[in-house]
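This report refers to the structure that appears directly beneath it.
Index from 1, following the sequence. Only this structure's heavy atoms are used, side chains among them; waters, hydrogens and symmetry mates stay out.
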Amino acid sequence: MYGVRGAFLDFVDEAFVVSPTDSYRYIQDGLLIVDDGKIQAFGSYDNIRTDYPEVEIIHYSQRLIIPGFVDTHVHYPQTEIIASYGEQLLQWLEKYAFPGEQRFKDPLHAREVAGFFFDELARNGTTTAVVMTTVFPESTRVFFEEAQSRNIRAIAGQVMMDRNAPNSLLDNPETAYDNNKDLIKEWHNRGRLCYTITPRFAITSTPEQLEVAGQLKREFPDVYVHTHLSENPEELVTVSQLFPNCQDYLEVYEKAGLVGDRSIFAHGIYLSNSEFKRLSEAGSAIAFCPTSNMFIGSGLFNLKEAKSPAHPIAVGLGSDVGAGTSFSMLKTMSAAYKVTQLQKQTLSPLQAFYLATLGGAKAIHLDSYIGNFKVGKESDFIVLNWQATPLMAFRHPQHSIESVEKLNEILFSLMILGDDRSIDATYIGGNLAYCNRDYMTW
């Protein structure tokens, strides 16, 4: 058991429903008590310390402590092709993603990349991630082994593809079913790990393979579904040609039984009003991936429509590495703000941090375990330095946050100017997973 003292921010309600200022709690001098990876107590330092007089305290002064970031869509095998030049979605897959993923047939290569991938997550303050692997089952098994060794919350599954990709990356409905069934039994709900049925997207799966994916979902109803939806105009045209009997892209997945309250759809840029409404009714979630959407020229996600009171949808932020340009959820928040600005919409800093923490946890139905500092939840949290660079220190030279106005200013500066240098420490399951500098004092 130990305690962490400092300024704390977390969210207790939906920042897009109630007033953003009513959605959070900020404690200028707080104390978090951690025991066996769980939050034992949380509140003001003066109130909590008297109940734990003997507990050793780590004091993070002049820092802001928040729950760990949740990345709702990222590709671990694309780590090594991040920042690949000059293509839009379908061409980018052919030129960069597919050749890169072929190397993951080698388990040693998969393990090397997985280790680096998890190091990057921790370095950027991400403590939970929804991840696509590859078509090779061993790449998924290696991924889970590495995740388990770090005790990170991870949701992942073997990618399913049986057409419109290089032959070396194709499976078939039968092998996809057998491999996924074995992996579900091996890894789903094992420690902090969960499994997701993962058809890459409609273009790379035949109706027969999508039906197999639906069969797996029926057999294992508590696993997730994770795929792409409505990312690129050329993609939409191709989907309509491949599935002429479907009225829209979403119906492709609906017919296969893949749209439900544990379904996570990346992008959703070109959704119709009907699709927004059906996603809302199904309880599905959208992963908003702004750095990727801008980098490969896909378009601008309509966050305002997704959060419409008429058909609200759970939304989380996704880095979408490697079409996404950074593992940093701070940079992802910055891009999300710019995407909303380009559409004459607004995204407050409190709303952005909500999406990256409790909002992401709600989107993937893990808010009973993570997302804020509620007593009994798992102790994933990060320590933010709002003076991490000379420019940030010049912009905000003060050593404490003493008003709501200053909190908003500092949060906004963190999401616009911050990056991995702003992460002083990352704690996963109560254990220090990353430390930026020798800052801790007992």
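Side-chain rings of F104 and F143 stay apart, their centers remaining 6.0 Å or farther from each other. Ring centers of H267 and F301: at least 6.0 Å apart, outside the cut-off. Ring centers of Y76 and F118: at least 6.0 Å apart, outside the cut-off.
For the pair D420/F327, no side-chain contact is recorded, criterion being any heavy-atom separation below 4.5 Å from C-beta on. Taking the side chain as every heavy atom from C-beta outward, F220 and K181 approach each other to under 4.5 Å. Side-chain contact between L64 and F8 is absent, with no heavy-atom pair separated by less than 4.5 Å. At a threshold of 4.5 Å between non-hydrogen side-chain atoms, the residues S23 and E14 do not count as touching. By the 4.5 Å heavy-atom criterion applied to side chains, S413 and W386 are not counted as neighbours. At least one side-chain heavy atom of L347 sits less than 4.5 Å from a side-chain heavy atom of L355. A 4.5 Å side-chain heavy-atom check between M333 and F69 finds at least one atom pair inside the cut-off. Taking 4.5 Å as the limit, every side-chain heavy atom of T357 sits out of range of all side-chain heavy atoms of N372.
Remark: side-chain polar atoms of E87 are not paired, donor with acceptor, to backbone N or O of W92 under 3.5 angstrom. No donor-acceptor pair under 3.5 Å is formed between the side chain of T126 and the backbone N or O of T128. Looking only at distances, no side-chain donor or acceptor of T204 sits under 3.5 Å from a matching main-chain atom of N164. In this structure, Q351 contributes its side chain and S348 its backbone to a donor-acceptor pair below 3.5 Å. Distance alone, capped at 3.5 Å, places no donor-acceptor pair between the S280 side chain and the F276 backbone. Judged by distance alone, with hydrogens and angles left aside, the side-chain atoms of T198 form a donor-acceptor pair with the main-chain N or O of T196 at under 3.5 Å. Between the side chain of H226 and the backbone N or O of I197 there is no donor-acceptor pair closer than 3.5 Å. Of the possible donor and acceptor atoms, one in the side chain of T291 sits under 3.5 Å from a partner among the backbone N and O of T325. Remark: the backbone N or O of K304 is not paired with any side-chain donor or acceptor of S308 at under 3.5 angstrom.
Smallest separation of non-hydrogen atoms from C246 and K255: SG-CD, 3.9 Å. Counting all heavy atoms, side chain and backbone alike, Q78 lies closest to A323 at OE1-N, 3.8 Å.
Note on R192 versus D380: salt bridge recorded, some NZ/NE/NH1/NH2 to OD/OE distance being below 4.0 Å. Salt bridge annotation for D222-R262: absent, with no cationic side-chain nitrogen under 4.0 angstrom from a carboxylate oxygen. For the pair R123 and E120, the salt-bridge criterion is met [side-chain N within less than 4.0 Å of a carboxylate O]. Taking the charged nitrogens against the carboxylate oxygens, E281 and R278 have no contact shorter than 4.0 Å, which rules out a salt bridge. The residues K38 and D36 are annotated as not salt-bridged, no charged nitrogen and carboxylate oxygen being separated by less than 4.0 angstrom.
A donor and an acceptor atom, one from each side chain of Y2 and D35, are nowhere located under 3.5 Å apart. Side-chain contact, E305 with H311: a donor N or O sits under 3.5 Å from an acceptor N or O. A donor-acceptor contact closer than 3.5 angstrom links the side chains of D71 and S319. Checking D320 against S292 by side-chain atom types alone, a donor-acceptor pair falls below 3.5 Å. At a cut-off of 3.5 Å, with distance as the only test, a side-chain donor of T175 or N172 sits close to an acceptor on the other residue. One side chain, Y249 or E235, offers a donor N or O that lies under 3.5 Å from an acceptor on the other. Neither side chain, Q215 nor E211, offers a donor N or O lying under 3.5 Å from an acceptor on the other. In this model, no donor atom of one side chain and acceptor atom of the other lie less than 3.5 Å apart for Q158 and T133. Side-chain contact of K338 with S334: a donor-acceptor pair under 3.5 Å is present, judged by distance alone.
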The test is side chain to side chain contact (heavy atoms under 4.5 Å, CB included); show your working for L32 and I65 and say whether it passes. CA-CA 10 Å; L32 180 76; I65 304 168; 5.7 Å; no

Before you tell me yes or no, could you show the steps for I33 and I39 under side chain to side chain contact (heavy atoms under 4.5 Å, CB included), namely the whole-Å CA-CA distance, both residues' side-chain angles and the distance that decides it to 0.1 Å? CA-CA 6 Å; I33 302 296; I39 297 171; over 6 Å; no

Carefully, step by step, assess T134 and E101 under the rule side-chain hydrogen bond (donor to acceptor under 3.5 Å, both in side chains). CA-CA 7 Å; T134 75; E101 290 180 18; 5.9 Å; no

So N385 and Q62, side-chain hydrogen bond (donor to acceptor under 3.5 Å, both in side chains) or not? Walk me through it. CA-CA 8 Å; N385 178 5; Q62 303 175 36; over 6 Å; no

Let me see the working for Y195 and N180 under side-chain hydrogen bond (donor to acceptor under 3.5 Å, both in side chains), right down to the final yes or no. CA-CA 9 Å; Y195 200 85; N180 276 274; 2.7 Å; yes

For a side chain to side chain contact (heavy atoms under 4.5 Å, CB included) check, start with the C-alpha distance between D13 and D22, then their side-chain angles and the critical distance, and finish with the verdict. CA-CA 8 Å; D13 208 341; D22 293 332; over 6 Å; no

Go through it in stages, so that I can follow the logic: the residues are Y24 and Y354, the test is ring-ring contact (aromatic ring centres under 6.0 Å, His included), and I'd like the CA-CA distance, side-chain angles, deciding distance and then a yes or no. CA-CA 9 Å; Y24 75 95; Y354 168 80; over 10 Å; no

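Atom OG of S379 sits about 7.5 Å away from atom CG of N431, to the nearest 0.5 Å. The distance from the SG atom of C289 to the CG atom of L317 is 8.5 Å, given to the nearest 0.5 Å. Once rounded to the nearest 0.5 Å, the distance linking CG of L169 with CZ of F136 reads 5.0 Å. The CD1 atom of I155 lies 9.0 Å from the CZ atom of F144; values are rounded to the nearest 0.5 Å. In this structure, SG on C194 lies 11.5 Å from CD1 on I184, to the nearest 0.5 angstrom. Rounded to the nearest 0.5 angstrom, L279 CG and S263 OG are separated by 9.0 Å.
Within 6.0 Å of atom NZ in K105, 12 or fewer heavy atoms from other residues, nucleotides or ligands are found, so the atom counts as exposed in its surroundings. The 12-atom threshold is exceeded at OH of Y52, counting heavy atoms of other residues, nucleotides or ligands nearer than 6.0 Å.
Here the options are K374, K377, R25, the test is salt bridge (Lys or Arg N to Asp or Glu O under 4.0 Å), and the partner is D10; only R25 passes.
In this structure, F373 and F42 have tilted ring planes: the angle between them lies in the 30° to 60° band.
With sequence neighbours excluded, the residues forming a salt bridge (Lys or Arg N to Asp or Glu O under 4.0 Å) with K362 are D367, listed by chain and number. Remark: F412 pairs with Y337 by the ring pair (Phe, Tyr, Trp, His ring centres under 6.0 Å) rule, at least two apart or across chains.
Among residues at least two apart or in separate chains, side chain to side chain donor-acceptor pair (under 3.5 Å) pairs with a member in residues 145-157 are R111-E145, R111-E146, D119-R150, E146-R150, R153-E378.
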